[in-house]
Amino acid sequence: MEIEHNAPPEATVLGGFTPEGAGRGPKVYIETYGCQMNVNDSEVVASILADAGYGLTDDMEQANVVLINTCAIRENAETRIWGRLDVFEQLKRRRKGVLVGVLGCMAERLKADLLERREVVDVVVGPDAYRDLPHLLREAELGQRGVNVLLSREETYADISPIRLDRYGVSAFVSIMRGCNNVCAYCVVPYTRGAERSRDPQTIVNEVQRLSHMGYKEVTLLGQNVDSYRWQPEGTPDRQAVSFADLLERVAQVDSHMRVRFATSHPKDLSREVVYTMAMYENICNHIHLPVQSGSDRMLKLMNRHYTRQGYLNRVAAIRDILPDCVITTDMIAGFCTETELDHDQTLSLMREVGFDSAFMFKYSERPNTKAARHYADDVPDSVKTRRLQEIIALQNELSEQSNRNDVGRCFEVLIESPSRKDPSYLMGRTMGNKAVVFPGEGHRVGEFVYVKITTCTSATLLGHIVDEQTATPLLKKQCSGE
Ligand code: 5AD
Ligand code: SF4
């Protein structure tokens with residue numbers, strides 16, 4: 001996804017052109033923070049607004065409506081949004097009549113507080129209320145501030161074709177479910193995104209088919225906990241229920257040349273069937289994002305994760321048994337309530353034991369109203385959290401580099417995603433395992449599959465050069481296809 005000029009670097013801005021079907025009416029600028037699900041939600045919002053006659057722009061200065069799709073997962077995510085609201089306030093002073101809307105998880109969590117910023121915020125809309133946005137914007141035009149933060153048990157936006165506004169048209173997100181029924185003690189998501197519900201599988205398959213026809217080369221199926229996907233309309237017998245493994249298979253069958261990814265898997269729910277399905281279909285990528293959060297049984301219990309350290313290690317062993325080349329990545333939280341040095345050491349030792357290929361690593365941030373905020377003291381001093389996080393990051397850098405070094409000399413099929421940021425004569429693509437690869441372009445284009453031999457690496461990137469498929473030795477080809 002492209003990051004545009006007048007947004008801060010951590011934001012995603014959709015747009016850059018007015019897609020076919022989008023209205024020529026007032027122009028909407030959408031800035032997105034947070035997870036992939038939020039990016040996809042903004043594409044749904046773009047579609048709803050285009051149907052209502054709005055045009056889209058990637059330039060805030062041209063916009064009549066400025067929307068910010070927000071994240072509430074950690075305090076610093078919210079701090080950033082307050083900062084952006086100050087910028088929007090200045091914009092509104094400069095250009096009278098501009099409307100500002102706050103969408104997403106922070107809108108859900110902080111509705112009243114946001115409305116108190118009356119000089120900036122005109123509409124506040126939660127993740128399940130996006131269909132109401134055109135109506136709320138119309139009311140706001142008449143001077144009435146609009147709020148809808150109702151959570152739903154049914155809304156999946158199944159009938160809406162998200163407007164794809166990524167610049168390169170290679171890889172698309174497809175939401176397969178919404179909400180979350182787990183109550184991980186630290187996590188605000190169940191409160192901001194509501195109860196879990198799965199989307200009709202036929203609408204998912206149709207969307208993937210459309211993407212394939214549009215020339216997309218990769219889809220990522222999204223859910224907070226994809227392994228608990230289940231489609232069973234009332235009155236259908238159990239044996240006809242569609243599980244995540246079934247859905248994955250159906251999606252993989254749409255177009256054998258289209259890569260299929262998914263996120264996120266929960267260690268307590270990831271099934272053997274899913275891993276077998278991955279093994280059966282060459283176009284399902286050999287990557288599982290399996291957040292562990294901590295290596296200490298005591299922490300895992302307090303976090304309400306419903307698995308033990310050994311249980312997690314068993315899952316990893318089962319994955320590697322079936323898919324020896326599977327890339328395994330994770331999320332980690334440093335300094336959760338009552339975490340001791342011993343607990344922290346357990347996290348470090350688990351990381352070594354698994355040898356994660358990469359990880360997202362965070363300092364624990366207490367979120368109001370979560371189980372942890374209500375029942376446990378946030379008692380690890382910030383300086384200790386910071387130091388533990390640094391140790392986790394330093395170890396992960398070592399592990400990532402080790403994992404990348406193991407790939408030097410090997411050859412991978414790479415899907416080209418974009419020109420390299422540092423030097424546009426180089427291209428950036430990804431292996432099936434989701435590792436970033438940079439190589440000289442040699443006339444190849446974004447969206448093509450090429451074979452790349454890895455010659456060197458850093459902890460974050462593989463570097464190599466394209467090998468001609470025709471001249472590649474049979475052995476190389478075998479390695480390329482991951483056999
Ligand atoms: N503090 C820090 N990290 C958190 N995450 C979720 N909630 C919190 C929190 N309160 C992390 C978890 C999760 C990822 C998406 O964000 O690691 O897997
Ligand atoms: Fe949050 Fe846990 Fe649900 Fe993930 S599985 S969204 S961490 S409650």
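Just so it is clear, the values below take in all heavy atoms, side chains as well, and ignore hydrogens, waters and symmetry mates. Note that the coordinates shown come from a computational prediction; the quantities given were computed from them, not determined experimentally. Every number for a ligand or one of its atoms is a count from 1 in the order of the listing.
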Could you check [atom] against the protein and tell me its nearest heavy-atom contact, residue, atom and distance included?
{"atom": "atom 12 (C) of ligand 1", "result": "Gln293 OE1, 3.4 Å"}
{"atom": "atom 2 (C) of ligand 1", "result": "Lys363 O, 3.3 Å"}
{"atom": "atom 10 (N) of ligand 1", "result": "Ser365 O, 2.8 Å"}
{"atom": "atom 14 (C) of ligand 1", "result": "Asp331 OD2, 3.4 Å"}
{"atom": "atom 3 (N) of ligand 1", "result": "Arg74 NH1, 3.2 Å"}
{"atom": "atom 7 (N) of ligand 1", "result": "Tyr186 CD1, 3.3 Å"}

Passing option when Thr32 is tested against Leu67, Asn38, Asp41 for side-chain contact (heavy atoms from CB on, under 4.5 Å): Asn38
The residue among Ser265, Ser243, Ser271 that forms side-chain contact (heavy atoms from CB on, under 4.5 Å) with Asp227 is Ser265
Indicate yes or no: at least one non-hydrogen side-chain atom of Arg388 is less than 4.5 angstrom from one of Glu339. yes
Counting C-beta onward and ignoring hydrogens, is there a side-chain heavy-atom pair between Arg298 and Asp343 closer than 4.5 Å? yes
Between Ile333 and ligand 1, which residue portion shows a heavy-atom distance shorter than 4.0 Å: side chain, backbone, both, or neither? side chain
Answer yes or no on whether Arg315 is positioned over the face of Tyr307, meaning its NZ or CZ is under 6.0 Å from the six-membered ring centre and within 45° of the axis. no
Need the ligand 1 atom indices (1-based, order shown) with element for anything under 4.0 Å from a heavy-atom of Arg367. 10 (N)
Between Tyr130 and Tyr157, how do the two ring planes meet: parallel, tilted or perpendicular, split at 30° and 60°? parallel
Show the atoms of ligand 2 that are less than 4.0 angstrom away from any heavy atom in His266. 5 (S)
Rounded to the nearest 0.5 Å, what separation is found between the OG atom of Ser403 and the CG atom of Asp357? 3.5 Å
Quick one: does [X]'s side chain have a donor or acceptor within less than 3.5 Å of a partner on [Y]'s backbone?
{"X": "Ser198", "Y": "Arg230", "value": "yes"}
{"X": "Arg261", "Y": "Met432", "value": "yes"}
{"X": "Asn40", "Y": "Phe173", "value": "yes"}

Please list, in chain and residue-number order, the protein N/O/S atoms closer than 2.8 Å to atom 1 (Fe) of ligand 2. Cys187 SG
At under 4.0 Å between heavy atoms, what of Arg305 touches ligand 2? The answer is side chain
Verify the ring-centre separation between Phe262 and His287: is it less than 6.0 angstrom? no
